[in-house]
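Read the structure below first, then the notes.
Order of appearance sets the numbers: ligands from 1, and atoms from 1 within every ligand. Just so you know, residue 1 is the first one in the sequence shown, and it goes up from there.
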Amino acid sequence: MSQNTKYIFVTGGVTSSLGKGIISASLAKLLQARGYTVTIQKLDPYINVDPGTLNPYEHGECYVTEDGAETDLDLGHYERFLNVKTSQANNVTTGRIYQSVIEKERRGEYLGKTVQVIPHITDEIKNRIKLLGKTGQYQFIITEIGGTVGDIESLPYIEAVRQLKWELGNDCTVIHLTLLPYLSTSGELKTKPTQHSVKLLLEYGVQPDILVCRAEHAINSDIRRKIALFCNVEVDAVIEALDASTIYEVPVFMEKEELDVITLKKLGITVEGVPQLEKWKEFLFKFHNPKQEVNIGLIGKYVELKDSYKSIAESFIHAGAVNDCKVKLHWIHSESLTDENVKEKLKGLKGILVAPGFGNRGIEGKIEAIKFARENNVPFFGICLGMQCAVIEFARNVLGLKDAHSREMNPATSNPVIDLLEAQKNISHMGGTMRLGAYPCRLEENTLAHKIYNSNETTERHRHRYEFNNEYLPKFREAGMKLSGINPDAGLVEIIELNDHPFFIGVQFHPEYKSTVEKPHPLFVAFVKAAIDKK
Ligand code: GLN
């Protein structure tokens, strides 16, 4: 192929939630499986500088990259599909665009010009898109434009796409994802919303090259021809995207529909061979043919919106497949758990995961769940706040420090077993100021963690302000808690575990951000195995 980086834009029409992220990740997977280097970028039209300050109820989980960027959860899909790390450059919001334009204006960089949406905001957007191309690491940059065509806030992005299409010519193609609603009364898929959505794009000066059409039923050749005719695309460029039983099926659907082939053609690349998806299909086979099922409870306070724990749920899918097992997750609201009902509510679970989170709501329920898991030998896995709660539970019920707490929940506690680091004490801005991104973790010998990782050191991603309070270290050690993972530079406790328990592990970091189809996370794999082994 030519030297030039190729740019693929993915826009969405008709409605939100059609799965642009999954389509983008699936196309990226197919290109990668043909031997190309690919990365994906998400442009989000909201004004928050990043999603770090958003409540999970707004847009689901906040995904954290190695370099400590707090990003949209779609980046998690990109990493899980491609097994390639993303970074801050892979997620840009309107807030960030405006922030940098305004900073430039304040520095006088616009030389007295009136600063405007076109060209200044659109130039900034274009620069962010081309930034990844300039690294020279990738042959393809797939850019997913958040929102739906027609939204006021995504207009500057569509305008940037229009300009880039003009500038880049053959090095650029636009894929538009739409919906063909099915009318059960007439038994028909309807194309009108798609036609209208393409017309809207045309009004903005963008002719999509490929249409990916979500549909509940197969799209016959008549409909394909009709869409092609009304939307100025080739019949081959009308791609059917049926509902899939798992997101991991979508690359295979797209392979059948030859989305990769038509994309390469549109970019002027000669198509040779087929994507090498053997390993991917092996994983799918294992996913579809589990030898057993295991029930695991996920205790959290955002359980009404499952996207809040996206990466955890996906990690269980990866870890389940490796173990030839289907993990059946039971989403349990921590606020619903009390001393009286915990036994009943957690009955029959073979493993209990206590989720990350912020603030006091639901804390006591999490602590009850942990006490139950500890006392009844149920495999336990605590992540971030989940680990902090395990420390609090142990302090209260084993060390006898009745008022032990995290200073986050009770600033006045006389036993702050979880506390703020000195460096966090004077922070006033909330955005981007937590302990974020990858940090090394030394794994102590003769511990379960060491055995699971089979290594003396690892790195894991963080997103928290509070830490295990090392003043209490000796007391915890004496009472039988092992501090099995330590940050080698700061001495911070990163992993805790209990000896006289089949599996009791808490981690201050977020292993779920690093689990991919190709490399399921060892802690999840071991936790699922422990759940399977539980009598
Ligand atoms: N709220 C806790 C802290 O800030 C835990 C954060 C988390 O679970 N990600 O330390």
Can you label the angle between the His464 ring and the His462 ring as parallel, tilted or perpendicular, going by 30° and 60°? tilted
Between Thr433 and Arg465, a side-chain donor and acceptor under 3.5 Å: yes
Determine the sole option in Phe283, Phe285, Phe287, Phe253 for which the ring pair (Phe, Tyr, Trp, His ring centres under 6.0 Å) test with Tyr248 is passed. Phe283
Mind checking what residues have non-hydrogen atoms under 4.0 angstrom from ligand 1? Pro356, Gly357, Phe358, Cys384, Leu385, Gln388, Glu408, Arg463, His464, Arg465, Tyr466, His510
Indicate the ring-plane relationship of Phe503 and Phe381, choosing parallel, tilted or perpendicular according to the 30° and 60° boundaries. perpendicular
Which atom pairs, one a donor and one an acceptor, fall under 3.5 Å between side chains of residues 385-399 and the rest of the protein, sequence neighbours left out?
from, atom 1, to, atom 2, distance (Å)
Gln388, NE2, Tyr466, O, 3.2
Gln388, NE2, Gln508, OE1, 3.3
Glu393, OE1, Arg374, NE, 2.7
Glu393, OE2, Arg374, NE, 3.4
Glu393, OE2, Arg374, NH2, 2.8
Glu393, OE2, Asn397, ND2, 2.7
Arg396, NE, Ala404, O, 2.9
Arg396, NH1, Glu364, OE1, 2.9
Arg396, NH2, Glu364, OE2, 3.4
Arg396, NH2, Ala404, O, 3.3
Arg396, NH2, His405, NE2, 3.4

Give me the ring orientation class for Phe527 and Phe316: parallel if the planes are under 30° apart, tilted from 30 to 60°, perpendicular past 60°. tilted
